[in-house]
2 protein chains.
Amino acid sequence: MVNDQMVNEFMDNEQLKLENQLCFRLYTAARLVTGAYQPYFAQMGITYPQYLVLLVLWGQDKQPVCEIANRLLLDTNTVTPLLQRMEKAGLITRTRGKEDTRTRIVALTDQGKAMYEQAQRIPDCLKRDIALKTGEEEELIQMIPTLDKLIEGLKRKQ
Amino acid sequence: MVNDQMVNEFMDNEQLKLENQLCFRLYTAARLVTGAYQPYFAQMGITYPQYLVLLVLWGQDKQPVCEIANRLLLDTNTVTPLLQRMEKAGLITRTRGKEDTRTRIVALTDQGKAMYEQAQRIPDCLKRDIALKTGEEEELIQMIPTLDKLIEGLKRKQ
DNA sequence: GCTATTTATATCGTTCACGATGCAAAAGTA
DNA sequence: TACTTTTGCATCGTGAACGATATAAATAGC
């Protein structure tokens with residue numbers, strides 16, 4: 001019989017405590033940081049994943065869905081509906097590929113391109129927002145190589 | 001007129017590139033790491049956020065919803081449905097508080113307590129899984145204080 | 001004691017993530 | 001050429017996150 005005593009006396013595995021979970025920190029940090037972007041995105045009428053798609057397309061316009069999915073390390077079952085919403089919002093077009101008619105070529109509309117101007121200030125604003133609240137910027141940058149190794153190791157099916 | 005030339009020639013803000021986004025790394029790392037837990041959770045019939053709730057309750061049984069929400073830095077509009085699903089799955093009970101009838105006291109069922117045994121191996125398994133794929137463990141641990149500062153700075157309404 | 005405000009939880013709608021599955025076009029193979 | 005497999009994308013269902021809003025109970029102010 002599992003009783004109250006058990007919960008409290010025997011549940012003392014240090015590793016099974018929230019405070020000791022790296023994963024919970026990553027999960028929370030990711031949520032809070034994307035949350036910090038919210039004011040800017042709300043103003044632009046986009047969401048965080050939509051911003052990521054725009055970043056990809058601003059770097060290189062007219063890419064098939066699979067390229068975008070690869071870059072974001074997401075699957076098409078996440079990306080397709082995302083792109084459909086962005087198309088409906090007038091940010092992109094999704095036209096069939098010419099050589100390979102299975103592919104969908106995603107291209108920025110004028111509105112999607114114009115949004116680049118509004119986005120210009122976001123990185124600096126965010127740096128300031130976060131620096132003001134956490135004090136640290138150096139340390140954050142130092143995490144990058146570690147996060148990259150982690151991502152590189154855990155992503156698969158390239 | 002915004003044209004193709006513009007995208008490619010003038011969109012050269014280094015900060016507006018996916019590769020330079022700390023946020024994208026956090027978002028991706030969090031997704032991939034929780035993904036690494038999936039095999040274990042699938043076996044147990046739970047999800048990652050449900051695991052977090054269990055961690056909280058294993059540490060201290062019988063807590064009101066707001067306590068759990070505070071610990072996880074989530075709002076009740078996320079936690080309530082989560083707890084409802086866990087109740088339906090037989091992991092917890094949600095009873096009304098006695099002094100304050102507004103509160104819902106969340107308590108582990110025997111099944112929820114018993115699941116602690118199955119969870120015992122998860123942290124070690126995951127450490128091994130991730131170490132095998134990324135090689136690094138030291139570095140991951142070194143991120144913890146930085147993530148904590150970030151989280152502490154960005155969370156509000158305690 | 002009575003209204004005003006706050007608190008604890010819940011509901012609703014929208015947008016992700018993601019496993020499972022479907023489908024048609026392309027590529028490979030006999 | 002006919003057949004099989006792979007690829008690229010889409011659809012469906014479920015479970016989060018989260019903004020907005022609702023509701024009832026508790027608390028505060030008068």
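Numbered from 1 within each chain, the chains take letters A, B, ... in sequence-line order.
In terms of heavy atoms, M115(A) sits closest to I46(A) at SD-CG2, 3.9 Å.
When rounded to the nearest whole Å, the span between OH of Y48(A) and P of dA16(D) equals 22 Å. Computed from coordinates, the D75(A) CG to dA20(C) P distance equals 12 Å when rounded to whole Å. Between Q84(B) atom CD and dA8(C) atom C1' there is a gap of 14 Å when expressed in whole angstrom units. Distance OH (Y27(B)) to C1' (dA17(D)): 13 Å, rounded to an integer number of Å. For the pair F41(A) CZ and dG19(D) C1', the interatomic distance rounds to 16 Å; values are reported in whole Å. Look at CD on Q63(A): it is 14 Å from P on dG8(D), rounded to the nearest Å. Between I105(A) atom CD1 and dA10(D) atom P the separation is 11 Å, expressed in whole Å. At whole-Å resolution of the value, CG in L73(A) and C1' in dC18(C) are 14 Å apart.
When the nucleotides dC16(C), dC9(D), dT9(C) are ranked by their closest atom to the side chain of P49(A), dC16(C) comes out on top. Across dG8(D), dC18(C), dT11(C), the shortest atom-to-atom separation from the side chain of P81(B) is found for dT11(C). Nearest to the side-chain atoms of D100(B) among the listed nucleotides dA17(C), dA8(C), dA16(D) stands dA8(C). For T103(A), the listed nucleotide lying nearest its side chain is dG8(D); candidates were dG8(D), dA17(D), dA10(C).
Dashed line: the shortest gap from a side-chain N or O of T47(A) to OP1 or OP2 of dC16(C) is under 4.0 Å. The phosphate of dG8(D) (OP1 or OP2) has no side-chain N or O of R96(A) nearer than 4.0 angstrom. Between R104(A) and dG8(D), a side-chain N or O to OP1/OP2 separation shorter than 4.0 Å is absent.
Within the 4.0 angstrom heavy-atom criterion, base atoms lie near N77(A). Within the 4.0 angstrom heavy-atom criterion, only backbone atoms of the sugar-phosphate kind lie near R94(A); the bases stay farther away. Nucleic acid contact class of E99(A) (heavy atoms, under 4.0 Å, all strands): sugar-phosphate only.
Between Y37(A) and F41(A), the two ring planes are parallel [angle under 30°; tilted spans 30° to 60°]. Between W58(B) and Y116(B), the two ring planes are perpendicular [angle over 60°; tilted spans 30° to 60°].
Position along DNA chain D of the nearest nucleotide to R102(A) versus Q38(A) favours R102(A) as the more 5'-ward residue. Position along DNA chain C of the nearest nucleotide to T101(A) versus T78(A) favours T78(A) as the more 5'-ward residue. The nearest heavy atom of DNA chain D to L32(A) and to T76(A) marks one nucleotide each, and the one closer to the 5' end goes with T76(A).
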Which pairs would a plain distance check flag for residues 90-97 of chain A, meaning a side-chain donor or acceptor within less than 3.5 Å of a matching protein atom at least two apart in sequence or in another chain?
from, atom 1, to, atom 2, distance (Å)
R94(A), NE, E87(A), OE1, 3.1
R96(A), NH1, T101(A), O, 3.4

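Side-chain N or O atoms of N13(B) include one that pairs as donor or acceptor with a backbone N or O of Q15(B) at under 3.5 Å. Without hydrogens or angle criteria, T103(A) side chain to D100(A) main chain gives a donor-acceptor distance under 3.5 Å.
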